[in-house]
Student: 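Quick one: this structure, given as structure tokens, is what I'll be asking you about.
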Amino acid sequence: MGPKEAEKVLEILAAMGDLELAMADFYSACGKTWQVDRLFWSNIAAAELLHAENLVQMAKRLRENPSSFELGRPFSTTAIQTSIQGIKGNILKLERGELSRKQVLFLARDIEMSILESKYKELLKT
């Protein structure tokens, strides 16, 4: 991978890290809202923090040796930013009591099944 392409991928990795952190914030907010499910939500939030760290490590390895990598699955920073804004909006709705427990469970399922969440490891090939 050349330097220009590597820089673009690094931008995507950073944005994806921000997405993982936003998801962790959402799941943490769910745990605060429904104490009975707190362990469930904290486990999912911890997984998102691990994903964010994985992305940091991927970026580190790409910076160290870009020629060892090629682009796998393409992702758009615009799509990632849109997802982050949606998650932040859902946090606000949750805080205002506008989301039911059932709705939040469906949201979590949809987030976890999304391409951005389930395929982030496919961004780079080596």
Student: By side-chain contact (heavy atoms from CB on, under 4.5 Å), which residues pair with Leu99, not counting sequence neighbours?
Tutor: Asn90, Lys93, Leu94, Gln103, Val104, Leu107

Student: Could you tell me which non-hydrogen atom of Ala22 sits nearest to which non-hydrogen atom of Ile87, and how far apart they are?
Tutor: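 Closest approach of Ala22 to Ile87: O-CG2, 3.4 Å.
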
Student: Which pairs pass side chain to side chain donor-acceptor pair (under 3.5 Å) with one or both residues in residues 30-43, sequence neighbours excluded?
Tutor: Asp37-Arg101

Student: Listed by chain and number, what are the ring pair (Phe, Tyr, Trp, His ring centres under 6.0 Å) partners of Phe26, not counting sequence neighbours?
Tutor: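 Partners of Phe26 under the ring pair (Phe, Tyr, Trp, His ring centres under 6.0 Å) test: none.
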
Student: Same cluster or not: are Leu105 and Tyr27 linked, directly or through other Ile, Leu, Val, Met, Phe, Trp or Tyr residues, by side-chain heavy atoms under 4.5 angstrom apart?
Tutor: yes

Student: According to ring pair (Phe, Tyr, Trp, His ring centres under 6.0 Å), does anything in residues 93-114 pair up with another residue at least two apart or in another chain? List the pairs.
Tutor: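 Residue pairs with at least one partner in residues 93-114: there are none.
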
Student: Which residues pass the side-chain contact (heavy atoms from CB on, under 4.5 Å) test with Asp25, not counting sequence neighbours?
Tutor: Ile91

Student: Mind checking what makes side-chain hydrogen bond (donor to acceptor under 3.5 Å, both in side chains) contact with Glu64, not counting sequence neighbours?
Tutor: none

Student: Using the salt bridge (charged side-chain N to carboxylate O under 4.0 Å, His left out) criterion, which residues pair with Arg61? Sequence neighbours excluded.
Tutor: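 Testing Arg61 for salt bridge (charged side-chain N to carboxylate O under 4.0 Å, His left out), a comparison that skips the adjacent residues, returns none.
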
Student: With sequence neighbours left out, what residues match Arg109 under side-chain hydrogen bond (donor to acceptor under 3.5 Å, both in side chains)?
Tutor: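 Result, side-chain hydrogen bond (donor to acceptor under 3.5 Å, both in side chains) vs Arg109: none returned.
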
Student: State which residues pass side-chain hydrogen bond (donor to acceptor under 3.5 Å, both in side chains) with Glu53; sequence neighbours excluded, sorted by chain then number.
Tutor: Gln57

Student: List the atom pairs, with distances to 0.1 Å, where a side-chain N or O of residues 1-13 and a protein N or O form a donor-acceptor pair under 3.5 Å, not counting sequence neighbours.
Tutor:
none

Student: So, using side-chain hydrogen bond (donor to acceptor under 3.5 Å, both in side chains) as the criterion, who are the partners of Ser68 when residues are at least two apart?
Tutor: Asn65

Student: Rounded to the nearest 0.5 Å, how far does CD of Glu20 lie from CD1 of Ile84?
Tutor: 9.5 Å

Student: Treating Ile, Leu, Val, Met, Phe, Trp and Tyr as nodes and any side-chain heavy-atom pair under 4.5 angstrom as an edge, say whether Ile44 and Leu21 lie in one connected cluster.
Tutor: no

